[in-house]
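Down below is the structure, laid out as structure tokens.
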There are 2 protein chains.
Amino acid sequence: MAMTQSVDNQHNKPVLVAVSNALDQTDGLETLRSHAMFSSLRASDLDHLIHQSRHLRLSHHQLLYRQDMPAHHFFFVISGRLRLYRLDSSGIDRTLDSIAPGDCFAEVMIYADPPRYACYAEALKTSEVLMIPVKVYQELLSQHPEYAQAALRHYAIRAVTRFHDLEIMTIQSARDRLIRYLIDLLPNGARESGEVELPLPKCLVASRLAMQPETFSRILADLKASGLVRVNRSKLFIADPQRLMALSQ
Amino acid sequence: MAMTQSVDNQHNKPVLVAVSNALDQTDGLETLRSHAMFSSLRASDLDHLIHQSRHLRLSHHQLLYRQDMPAHHFFFVISGRLRLYRLDSSGIDRTLDSIAPGDCFAEVMIYADPPRYACYAEALKTSEVLMIPVKVYQELLSQHPEYAQAALRHYAIRAVTRFHDLEIMTIQSARDRLIRYLIDLLPNGARESGEVELPLPKCLVASRLAMQPETFSRILADLKASGLVRVNRSKLFIADPQRLMALSQ
DNA sequence: TCGGTTAATTGACTTAACTCAACTACTCAA
DNA sequence: TTGAGTAGTTGAGTTAAGTCAATTAACCGA
């Protein structure tokens with residue numbers, strides 16, 4: 001089976017995905033048009049970009065790229081879900097982000113120098129992604145400076161989001177970090193009660209929040225016991241966000 | 001004394017700075033030209049931007065803006081140093097970033113909706129900043145789409161930096177977090193030994209890294225005792241970055 | 001549907017980091 | 001220069017969170 005790049009020595013899984021996994025190029029790309037990075041593109045330019053890209057299917061736990069690999073592509077998620085994580089020398093796996101359909105990732109690489117992926121990316125379930133050559137997108141931008149406007153909006157929002165994530169991680173107590181994380185998952189902020197779905201399995205949410213799975217489990221059990229959260233699998237019902245927030249100080 | 005905005009109820013310090021603090025508009029702006037957000041601007045446009053901006057002088061500990069305030073300006077640091085921080089309901093102060101001369105901050109606000117500052121900003125020492133109206137910069141971008149190219153580069157790098165900061169904060173042990181922080185201050189990565197200067201007083205570095213000042217002090221004393229770091233005020237000499245990094249696992 | 005694998009929970013114990021307190025060393029402004 | 005206030009250090013005691021281990025529950029592919 002021909003590989004576009006290499007085989008991951010550590011996990012013995014293909015990286016940047018077997019060619020045979022390439023799908024029909026025009027499938028399921030309706031959502032692409034509504035993303036800020038592509039919304040202002042003329043139809044012909046968008047077509048060009050799509051035809052220069054590859055449509056990949058990833059299976060559960062399949063690795064897409066590894067940290068420090070040269071980054072010649074960025075990605076758009078059509079379906080499924082992925083996660084970004086790092087491995088340090090002692091093999092500890094730290095989850096940094098989860099990516100849902102309609103999102104881009106590694107798109108910041110278009111201006112990195114030298115462009116290398118900052119982390120690993122793997123599918124959390126069967127997923128489809130569009131693998132877009134950085135070079136082709138860059139060419140579009142330089143040929144059509146007006147395209148940069150909408151892209152700029154995307155990048156500014158991305159920077160704000162990352163800053164917000166950083167802010168949560170400066171909270172010292174694991175309990176308060178988790179509470180803030182849950183509140184931020186609520187669609188209307190903390191205004192009204194609602195159900196949220198964890199974007200990652202619990203053990204990976206724990207790693208994302210720099211705590212052990214056991215600690216996560218105990219804090220959640222505690223919140224359940226206080227009647228603040230009702231838990232059903234990966235769905236959490238938050239009855240009184242205000243009270244929950246007050247609890248976190 | 002006329003204020004442009006309001007007085008900070010919490011600290012009784014002026015916010016967005018007294019008009020009388022405005023300086024000559026053309027002082028010390030040579031560095032502005034070399035910033036990615038302004039480097040591609042034609043001289044006349046840059047002049048226009050500067051003349052629509054205000055040149056402010058901030059004294060030690062002076063508050064520039066508060067979190068949740070409407071954000072109509074972003075800032076460029078000409079001299080001095082500032083810090084970004086948040087206050088939560090219990091009054092805990094969490095440091096999020098420090099800003100050096102030649103840097104912009106709150107620039108991501110140009111596409112926030114509604115634009116509100118995400119944190120407090122205060123001067124750490126006597127500082128000069130240029131206070132740039134978001135609207136004027138946005139107008140320049142829409143009149144000259146080609147300007148967005150260079151700005152895009154800045155925003156992409158900002159997003160990468162924030163991601164990197166987030167990555168450090170997912171490290172669970174305070175010791176390892178501090179070690180990574182120090183290594184990232186070294187100019188050449190971990191390749192060679194070197195002296196670094198802490199961009200913040202130690203107690204604020206501690207808060208930036210989500211630990212207590214006592215913990216910071218003890219870890220540093222420990223690294224000193226192991227001969228890995230020599231400490232002189234806010235200057236740290238890192239003799240063997242490789243060994244230091246290995247220690248953090 | 002079943003069965004193997006991984007995720008989640010819970011308990012018991014340990015430890016890293018926090019808290020409180022005392023003291024020292026800077027820093028800045030009068 | 002001095003003295004008040006802040007920053008930094010160090011010690012002792014406490015607690016939150018980590019570790020290890022055992023068990024139960026959920027998931028996914030055959």
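Below, read A as the first sequence line, B as the second, and so on, with proteins coming before strands; counting in each chain starts at 1. Quick caveat, the model's predicted, so the values are computed rather than measured.
- By the neighbour-count criterion of 12 heavy atoms within 6.0 Å, atom CZ of A:Arg116 is densely surrounded, having more than that number from other residues, nucleotides or ligands.
- With rounding to whole Å, A:Arg81 atom CZ is found 15 Å from D:dC27 atom P.
- Side chain to side chain, B:Arg83 and B:Thr95 meet the donor-acceptor criterion of an N or O pair below 3.5 Å.
- Across C:dG11, D:dA7, C:dT19, the shortest atom-to-atom separation from the side chain of B:Arg218 is found for C:dT19.
- Remark: the B:Gln62 side chain and the B:Ser59 side chain contain an N/O donor-acceptor pair separated by less than 3.5 Å.
- Summarising the geometry, the separation between NZ on B:Lys202 and C1' on C:dC26 is reported as 11 Å, rounded to the nearest angstrom.
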Worksheet item: Is there a side chain to side chain contact (heavy atoms under 4.5 Å, CB included) between B:Leu223 and B:Leu244 once you walk through the steps?
Response: CA-CA 9 Å; B:Leu223 295 177; B:Leu244 188 62; 4.0 Å; yes
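- Remark: A:Lys125 is not in phosphate contact with D:dC28, judged by side-chain N or O atoms under 4.0 Å from OP1 or OP2.
- B:Glu214 places its CD atom 17 Å from the P atom of D:dA16, with the value rounded to the nearest Å.
- Comparing the axis of the opening five pairs of the helix from C:dT1-D:dA30 to C:dA30-D:dT1 with that of the closing five pairs yields an angle of 70°, rounded to 10°.
- Within the 6.0 Å centre-distance limit, the rings of A:Phe75 and A:Tyr65 are counted as a close aromatic pair.
- Taking every side-chain heavy atom of B:Gln172 into account, D:dG18 is the closest of C:dA8, D:dG18, D:dA12.
- Computed from coordinates, the A:Ile171 CD1 to D:dA17 P distance equals 12 Å when rounded to whole Å.
- As judged by a 4.0 angstrom heavy-atom cut-off over every strand, B:Pro213 is placed among residues making no nucleic acid contact.
- Distances were taken from every side-chain heavy atom of A:His60 (C-beta onward) to each of D:dC28, D:dA17, C:dT10; the shortest belongs to D:dC28.
- Proximity of A:Thr215 to the phosphate of D:dA17: no side-chain N or O atom is located under 4.0 Å from OP1 or OP2.
- Rounded to an integer number of Å, the gap from NE2 of A:His61 to P of C:dT5 is 15 Å.
- Atom CZ of A:Arg177 is separated from atom C1' of C:dC18 by 14 Å (rounded to the nearest Å).
- Side-chain N/O atoms of B:Arg233 include one lying less than 4.0 angstrom from OP1 or OP2 on C:dT27.
- For B:Gln212, a side-chain nitrogen or oxygen approaches OP1 or OP2 of C:dT19 to under 4.0 Å.
- For A:Leu198 and D:dA26, the CG to C1' distance is 15 Å, given to the nearest whole Å.
- As a whole-Å value, the separation of A:Met211 CE from C:dT15 P is 22 Å.
- The side chain of B:Ser173 approaches C:dA17 more closely than any other nucleotide in the set D:dA7, C:dA17, D:dG18.
- In this structure a side-chain-to-backbone donor-acceptor pair under 3.5 Å is missing from B:Arg54 to B:Met131.
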Discussion item. Test side chain to side chain contact (heavy atoms under 4.5 Å, CB included) on B:Leu220 and B:Leu236; report intermediate values, then the result.
Written reply: CA-CA 10 Å; B:Leu220 206 58; B:Leu236 309 186; 4.2 Å; yes
